[in-house]
2 protein chains.
Amino acid sequence: MEQVKNALISKNIKPTYQRLEIYKYLRNNRNHPTVDMIYESLLKKIPTISKTTIYNALETFVEKGLVMPIVITGTEMRYDANASKHPHFLCEKCGKIIDIDLECRYIGKMNVRGNIINEMHCYLRGICQNCNNSGH
Amino acid sequence: MEQVKNALISKNIKPTYQRLEIYKYLRNNRNHPTVDMIYESLLKKIPTISKTTIYNALETFVEKGLVMPIVITGTEMRYDANASKHPHFLCEKCGKIIDIDLECRYIGKMNVRGNIINEMHCYLRGICQNCNNSGH
DNA sequence: GTATCTGCAAAACATTTGCAATTCT
DNA sequence: AGAATTGCAAATGTTTTGCAGATAC
């Protein structure tokens, strides 16, 4: 509880009620939610919350490095309370996105033909453990 | 010319006039275009073409494995006539997306805690050679 | 002639913007 | 009071859908 509040304060983000609830959702639901998923869930607790507020809060969180935006499906953004670099895994069957414990590397240098590489993003596709087991 | 047509036929895609032009555009412009970029360019040659047709054609191309959809920005899809796996580089300054000659690997196995990995996608971010040179 | 493909118009989503009301200090 | 935040309503941008007419085999 206090931990969540301090996480915001330590990143210089004013801990308003809405921001705390949004961040708490992200910490408790490690499902890389869309804005809509967050919205639908918070509506139960905060019936007056608006999507604009969620967009605003997430923008702030990303700017301050508290939250990592992730792009996999192409049509919608997803967000991860784990802001450190790590790869994601998309299940091609159920569409779920999970964290995966792998190290991704590129073989080469920081400078490729004059292009300076700052960071690498990677995600993996396949069949998740759950879908794989229910398949037989 | 015939090559373009045969590329479609060999993937079991009927080579209509519009599809040929869309695929030709992708072959000639290796800039990972958006639907809108393809549309605006083809309008000059085919004033009656519609975005729906471009969406339809690209969907077919992707299904048949002729074209690779790429997801980097999160707001729009981009397409690449090179359907073989290779990483992309996004310039954080000019927004250009280019192919980059690097090998990406993950350190680990095909099966991570029951999740079966089929493929890996990766992209890199940084400053492109062009922006880097014009900077000083 | 029957399947498929094209393209218009409208709908469906995701996101952004303008702004007035609210909240916090 | 003053600055930041919230949330409504409208606008924007991308993609999807329904469907009638055109095209191809």
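In the text below, chain A, chain B and the rest are named by the order of the sequence lines, each starting its count at 1.
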Among residues 7-16 of chain B, which residues get a heavy atom nearer than 4.0 Å to DNA chain C?
B:Lys14, B:Thr16
When you measure from every atom of DNA chain C, which of residues 72-79 of chain A have a heavy atom less than 4.0 Å away?
A:Thr75, A:Glu76, A:Met77
Compare all side-chain heavy atoms of B:Asn12 with those of B:Lys64 and state whether any distance is below 4.5 angstrom.
yes
pair A:Val112-A:Ile117: side-chain heavy atoms closer than 4.5 Å
yes
Walk along nucleotides 17-25 of chain C from 5' to 3' and tag each nucleotide B, S or - by protein heavy-atom contact under 4.0 Å, base first, then sugar-phosphate.
B--------
At their closest point, which heavy atom of B:Gly74 faces which heavy atom of A:Met77, and how far apart are they?
CA-CE, 4.3 Å
Using atom types as modelled and distance alone, determine if a side-chain donor or acceptor of B:Ser10 lies under 3.5 Å from a backbone N or O of B:Ala7.
yes
A:Asp80 side chain to A:Asn82 backbone, donor-acceptor under 3.5 Å
yes
Under 4.0 angstrom between A:Thr53 side-chain N/O and D:dG7 OP1 or OP2
yes
Any A:Tyr55 side-chain N or O less than 4.0 Å from OP1/OP2 of C:dT16
no
Evaluate the side chain to side chain contact (heavy atoms under 4.5 Å, CB included) criterion for residues A:Leu26 and A:Leu58: first the C-alpha distance (whole Å), next the side-chain angles of each, then the deciding distance (0.1 Å), finally the verdict.
CA-CA 10 Å; A:Leu26 284 168; A:Leu58 290 170; 3.9 Å; yes
Please state how far atom [atom1] in [X] lies from atom [atom2] in [N], giving the value in whole angstrom units.
{"X": "A:Glu21", "N": "D:dT5", "atom1": "CD", "atom2": "C1'", "result": "16 Å"}
{"X": "B:Leu20", "N": "D:dT23", "atom1": "CG", "atom2": "P", "result": "16 Å"}
{"X": "B:Glu59", "N": "D:dT16", "atom1": "CD", "atom2": "P", "result": "7 Å"}
{"X": "B:Lys51", "N": "C:dG7", "atom1": "NZ", "atom2": "C1'", "result": "13 Å"}
{"X": "B:Tyr17", "N": "C:dT6", "atom1": "OH", "atom2": "P", "result": "12 Å"}
{"X": "A:Glu63", "N": "D:dA4", "atom1": "CD", "atom2": "P", "result": "14 Å"}
{"X": "A:Gln18", "N": "D:dA4", "atom1": "CD", "atom2": "P", "result": "17 Å"}

Which pairs, with at least one residue in residues 25-39 of chain B and sequence neighbours excluded, count as a salt bridge (charged side-chain N to carboxylate O under 4.0 Å, His left out)?
B:Asp36-B:Lys51
Output all residues satisfying side chain to side chain contact (heavy atoms under 4.5 Å, CB included) with B:Leu43, sequence neighbours left out; order by chain, then residue number.
B:Tyr39, B:Glu40, B:Ile49
Sequence-distant partners of A:Glu63, side chain to side chain contact (heavy atoms under 4.5 Å, CB included), two or more places apart:
A:Glu59
Let's see if you get this right: which residues in residues 31-45 of chain A place a heavy atom under 4.0 Å from DNA chain D?
none
Looking at residues at least two apart in the chain, or sitting in another chain, which of them share a salt bridge (charged side-chain N to carboxylate O under 4.0 Å, His left out) with B:Lys45?
B:Glu21
Evaluate A:Val71 against B:Ile72 for side chain to side chain contact (heavy atoms under 4.5 Å, CB included), listing each step before the verdict.
CA-CA 6 Å; A:Val71 152; B:Ile72 289 186; 5.6 Å; no
Could you walk me through whether B:Asn118 and A:Glu92 pass the side chain to side chain contact (heavy atoms under 4.5 Å, CB included) check?
CA-CA 9 Å; B:Asn118 288 337; A:Glu92 291 171 327; 3.2 Å; yes
Residues two or more places apart in sequence or in another chain: which of them pass side-chain hydrogen bond (donor to acceptor under 3.5 Å, both in side chains) with A:Thr53?
A:Ser50
So what is the end-to-end bend of the helix from C:dT4-D:dA22 to C:dT25-D:dA1, with 5 pairs used at each end and the value given to 10 degrees?
20°
Mind jotting down which residue pairs meet the ring-ring contact (aromatic ring centres under 6.0 Å, His included) criterion with at least one end in residues 54-80 of chain A? Sequence neighbours excluded, please.
A:Tyr23-A:Phe61
Given D:dT5, C:dA14, C:dC8, the nucleotide with the shortest approach to the side chain of A:Arg19:
D:dT5
So among A:Leu8, A:Asn56, A:Val4, which one has a side chain to side chain contact (heavy atoms under 4.5 Å, CB included) with A:Arg19?
A:Leu8
Distance-only donor-acceptor pairs under 3.5 Å for side chains of residues 99-106 of chain A, two or more places apart:
from	atom 1	to	atom 2	distance (Å)
A:Asp99	OD1	A:His32	NE2	2.9
A:Asp99	OD1	A:His86	NE2	2.8
A:Asp99	OD1	A:His88	NE2	3.3
A:Asp101	OD2	B:Arg113	NH2	3.4
A:Glu103	OE2	A:Arg105	NE	2.9
A:Glu103	OE2	A:Arg105	NH2	3.0

